[in-house]
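Since the structure comes first, as structure tokens, the remarks are kept for the end.
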Amino acid sequence: QVQLVESGGGLVQAGDSLRLSCAASGLPFSSYVMAWFRQAPAKDREFVAAITWRGGDTYHADSVKGRFTISRDYAKNTVYLQMNVLKPEDTAVYYCAARRGPGLGPIATTTMTSSYDSWGQGTQVTVSS
């Protein structure tokens, strides 16, 4: 059974940093892609970043490039999202997701919510101005 559990969210001020964690179990990690999405109130869920478990290839949305970094830790079966220079517009519920595949593949596939078949429960990030 696939299980993804996020943690690390909270209330911070603009310019601060946070690190989100996603503890994963039940996945054949060598052939999966892990990703972070976020959903602000009254908005669609949007892609943030993705990483291949095997090779560590990454892709970040333009809106977070240079500020957020996705990474993974083999020993802890955990994916991280390091978020720096947070802005009020980063306020959202952040979700961890997983899908089968050895590589990122087409960007359209990597960034679509429908490409992912496993999701965590989400963690709230609130950035005050």
Side-chain angles (χ1 to χ4, degrees):
Q1 182 179 355
V2 174
Q3 188 172 16
L4 303 174
V5 180
E6 303 98 332
S7 62
L11 172 63
V12 297
Q13 293 186 330
D16 285 351
S17 298
L18 272 178
R19 188 178 77 161
L20 304 183
S21 300
C22 172
S25 61
L27 295 172
F29 297 111
S30 64
S31 60
Y32 262 72
V33 175
M34 307 295 293
W36 287 97
F37 286 76
R38 65 186 182 185
Q39 188 165 19
K43 291 190 176 181
D44 293 335
R45 193 169 297 189
E46 67 171 356
F47 171 82
V48 176
I51 188 168
T52 59
W53 192 260
R54 176 185 293 173
D57 296 330
T58 63
Y59 181 74
H60 296 79
D62 288 343
S63 58
V64 305
K65 202 169 291 184
R67 298 188 300 123
F68 293 10
T69 303
I70 190 171
S71 63
R72 85 271 193 253
D73 185 321
Y74 282 119
K76 297 182 179 180
N77 289 343
T78 300
V79 176
Y80 301 101
L81 184 68
Q82 178 66 44
M83 305 186 295
N84 298 328
V85 195
L86 282 160
K87 304 175 182 180
E89 52 263 43
D90 295 319
T91 295
V93 177
Y94 283 71
Y95 296 92
C96 180
R99 65 173 177 86
R100 298 178 187 273
L104 292 175
I107 297 303
T109 300
T110 292
T111 59
M112 283 176 14
T113 56
S114 58
S115 298
Y116 295 81
D117 46 26
S118 298
W119 292 86
Q121 82 289 350
T123 185
Q124 176 72 46
V125 172
T126 303
V127 184
S128 63
S129 56

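A donor-acceptor pair under 3.5 Å is absent between the side-chain atoms of Ser31 and the main chain of Arg100, judged by distance alone. Judged by distance alone, with hydrogens and angles left aside, the side-chain atoms of Thr110 form a donor-acceptor pair with the main-chain N or O of Leu104 at under 3.5 Å. The backbone N or O of Gly66 lies less than 3.5 Å from no partner atom in the side chain of His60, so there is not a single donor-acceptor pair. Side-chain atoms of Gln121 never come within 3.5 Å of backbone atoms of Val5 as a donor-acceptor pair (strictly under, hydrogens ignored). For the pair Tyr74 (side chain) and Trp53 (backbone), a donor-acceptor distance under 3.5 Å is present. Between the side chain of Glu46 and the main chain of Arg38, no donor-acceptor pair closer than 3.5 Å is present. In terms of modelled atom types and a separation under 3.5 Å, the side chain of Thr78 and the main chain of Ser21 share no donor-acceptor contact. Without hydrogens or angle criteria, Arg67 side chain to Val85 main chain gives a donor-acceptor distance under 3.5 Å.
Glu6 and Gly122 make their closest contact through OE1-N, 2.9 Å (heavy atoms, listed as atom of the first residue, atom of the second, distance). Ala92 and Ala40 get closest at one heavy-atom pair: CB-N, 3.8 Å. Taking every heavy atom of both residues into account, Ser118 and Val2 meet most closely at OG-CG1, 3.2 Å. Scanning both residues, Ala14 and Ser129, for their nearest heavy atoms gives CB-CA, 4.4 Å. What you find for Tyr116 and Thr109 is that their closest heavy atoms are CE1-O, 4.3 Å.
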> side chain to side chain contact (heavy atoms under 4.5 Å, CB included) between Tyr59 and Thr111: does it pass, once the steps are laid out?
Replying inline: CA-CA 9 Å; Tyr59 181 74; Thr111 59; 3.9 Å; yes
> Given the rule in the side chain to side chain donor-acceptor pair (under 3.5 Å) test, do Thr52 and Arg72 qualify, once you have shown the distances and angles that lead to the verdict?
Replying inline: CA-CA 9 Å; Thr52 59; Arg72 85 271 193 253; over 6 Å; no
> Should Trp119 and Cys96 be marked as a side chain to side chain contact (heavy atoms under 4.5 Å, CB included) after you check the CA-CA gap, both sets of side-chain angles, and the distance that decides it?
Replying inline: CA-CA 6 Å; Trp119 292 86; Cys96 180; over 6 Å; no
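Taking 4.5 Å as the limit, every side-chain heavy atom of Leu86 sits out of range of all side-chain heavy atoms of Gln13. The shortest distance between side-chain heavy atoms of Trp36 and Val79 falls below 4.5 Å. Two residues are said to be in side-chain contact when any heavy atoms from C-beta on lie closer than 4.5 Å; Met83 and Asp90 fail this criterion.
Using a 4.0 Å cut-off between a side-chain N of Lys or Arg and a carboxylate O of Asp or Glu, Asp62 and Lys65 qualify as a salt bridge.
Paired with Tyr80 under the rule side-chain contact (heavy atoms from CB on, under 4.5 Å), one option of Asp73, Thr69, Ile70, Ile51 passes, and it is Asp73.
A continuous path of ILVMFWY side-chain contacts below 4.5 Å connects Phe37 to Ile107, so both sit in one hydrophobic cluster.
Heavy-atom contacts from other residues, nucleotides or ligands closer than 6.0 Å to CG of Asp44 number 12 or fewer.
Between atom OG of residue Ser17 and atom CZ of residue Phe68 there is a gap of 9.5 Å, rounded to the nearest 0.5 Å.
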